[in-house]
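Worksheet for the structure shown next.
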Amino acid sequence: RWVLSLQCKGSRNFLSALRRAVEVDFKDRDKHQSQGLYLLTTGIPDQETQTVSAYVAEVFRGFDLHLHVCLFSVVEDAGSHRIIPARYADPTETAIAFKEIVQAANGRFHWFGEAGIFESDDITLIVSEMEKAKNYSQKCAFLVESLKQRS
């Protein structure tokens, strides 16, 4: 169920948007069936990562709601006339910051760009499950082979 979107209105004032989402729209938490908030972003929040992580950990504690982040890394156009953010970080620093924030909210992190997927918690989990299945299959094949040799 989709309830709201977080909009920072031209800035990256993440805390303001998140406060609005959890303190206004979710004041009657028991009435909502939402399981996740999804932040679609292209850059680091204006606020320090530790501040955002601490707030997120406090807000999401005891609340069956998770914050998931989709970070889209874009190639900057040197000639563009865009608003300069209050805080800047390169794509890797931004990804590290959002991974910390997502962990505080028991959410998932996805990072992609024009070249494809750089990192995704969902894909990492799927690959891990595939590795487990492969290892289990190899152990079963070894067991079957050893049983054949015994008989």
Side-chain angles (χ1 to χ4, degrees), residues 1-140:
R1 181 170 171 241
W2 294 90
V3 176
L4 62 104
S5 64
L6 299 178
Q7 294 182 0
C8 297
K9 306 219 180 201
S11 75
R12 294 186 182 142
N13 190 345
F14 175 75
L15 278 180
S16 175
L18 185 61
R19 272 192 198 109
R20 183 182 183 293
V22 297
E23 293 176 2
V24 176
D25 293 325
F26 284 97
K27 63 184 174 194
D28 298 321
R29 295 176 178 183
D30 297 337
K31 295 180 184 175
H32 295 283
Q33 298 173 357
S34 296
Q35 296 175 335
L37 290 175
Y38 289 82
L39 172 67
L40 309 176
T41 186
T42 58
I44 198 159
D46 290 346
Q47 298 81 15
E48 291 296 322
T49 303
Q50 295 81 6
T51 304
V52 175
S53 292
Y55 179 76
V56 163
E58 175 75 21
V59 167
F60 286 77
R61 184 181 350 221
F63 190 12
D64 191 25
L65 182 70
H66 306 278
L67 174 66
H68 309 292
V69 172
C70 297
L71 173 62
F72 183 73
S73 291
V74 294
V75 177
E76 296 291 329
D77 180 10
S80 68
H81 300 286
R82 62 179 187 87
I83 299 170
I84 298 172
R87 185 169 170 230
Y88 175 79
D90 69 35
T92 302
E93 293 169 329
T94 302
I96 291 168
F98 275 119
K99 283 197 281 190
E100 181 181 321
I101 292 166
V102 162
Q103 286 175 348
N106 295 320
R108 295 187 320 269
F109 175 71
H110 310 285
W111 178 22
F112 59 100
E114 295 163 343
I117 299 168
F118 301 122
E119 183 176 340
S120 170
D121 288 345
D122 290 346
I123 291 174
T124 301
L125 184 63
I126 290 169
V127 169
S128 173
E129 290 295 318
M130 290 169 58
E131 287 293 324
K132 286 179 191 175
K134 176 185 163 195
N135 290 337
Y136 181 72
S137 176
Q138 288 173 341
K139 288 177 183 177
C140 288

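Counting from 1, the numbers follow the sequence of the chain as shown.
- In this structure, the side chains of L40 and F72 stay at 4.5 Å or more apart for every pair of heavy atoms.
- Here the CG-SG distance, from N135 to C140, works out to 11.0 Å after rounding to the nearest 0.5 Å.
- Counting non-hydrogen atoms of neighbouring residues, nucleotides and ligands closer than 6.0 angstrom, the CG atom of L125 exceeds 12 such neighbours.
- Contact record, A97 with T49: CB-OG1, 3.2 Å, taken as the closest heavy-atom pair.
- Using a 4.5 Å heavy-atom threshold, the side chains of D121 and H68 count as separate.
- Nearest heavy-atom pair, D122 versus R108, reported as atom, atom and distance to 0.1 Å: OD1-NE, 2.6 Å.
- Taken from NZ in K99 to OG in S53, the straight-line distance is 13.0 Å, to the nearest 0.5 Å.
- Proximity of a side-chain donor or acceptor of E93 to a complementary backbone N or O of D90 within less than 3.5 Å is detected.
- Between the CZ atom in F109 and the CG atom in L39 there is a gap of 10.5 Å [rounded to 0.5 Å].
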(request) Run the numbers on L67 and F60 for side-chain contact (heavy atoms from CB on, under 4.5 Å), then give the verdict. (result) CA-CA 8 Å; L67 174 66; F60 286 77; 4.0 Å; yes
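- Here the NZ-CD distance, from K134 to E131, works out to 5.0 Å after rounding to the nearest 0.5 Å.
- Distance check, rounded to the nearest 0.5 Å: CD of Q47 to CG of L18 gives 10.0 Å.
- Atom-to-atom distance recorded for S120:OG and I126:CD1 is 7.5 Å, nearest 0.5 angstrom.
- No cation-pi contact links R19 to F14, judged by a cut-off of 6.0 Å to the six-membered ring centre and 45° from its axis.
- When the side chain to side chain contact (heavy atoms under 4.5 Å, CB included) test is applied to T94, the partners found at least two apart in sequence or on another chain are I44, L71, A89, F98.
- Residues W111 and P91 form a side-chain contact, since some pair of their non-hydrogen atoms from C-beta on lies under 4.5 Å apart.
- Taking the six-membered ring where the residue is Trp, the centroids of F112 and F118 are separated by 6.0 Å or more.
- A 4.5 Å side-chain heavy-atom check between P45 and I101 finds at least one atom pair inside the cut-off.
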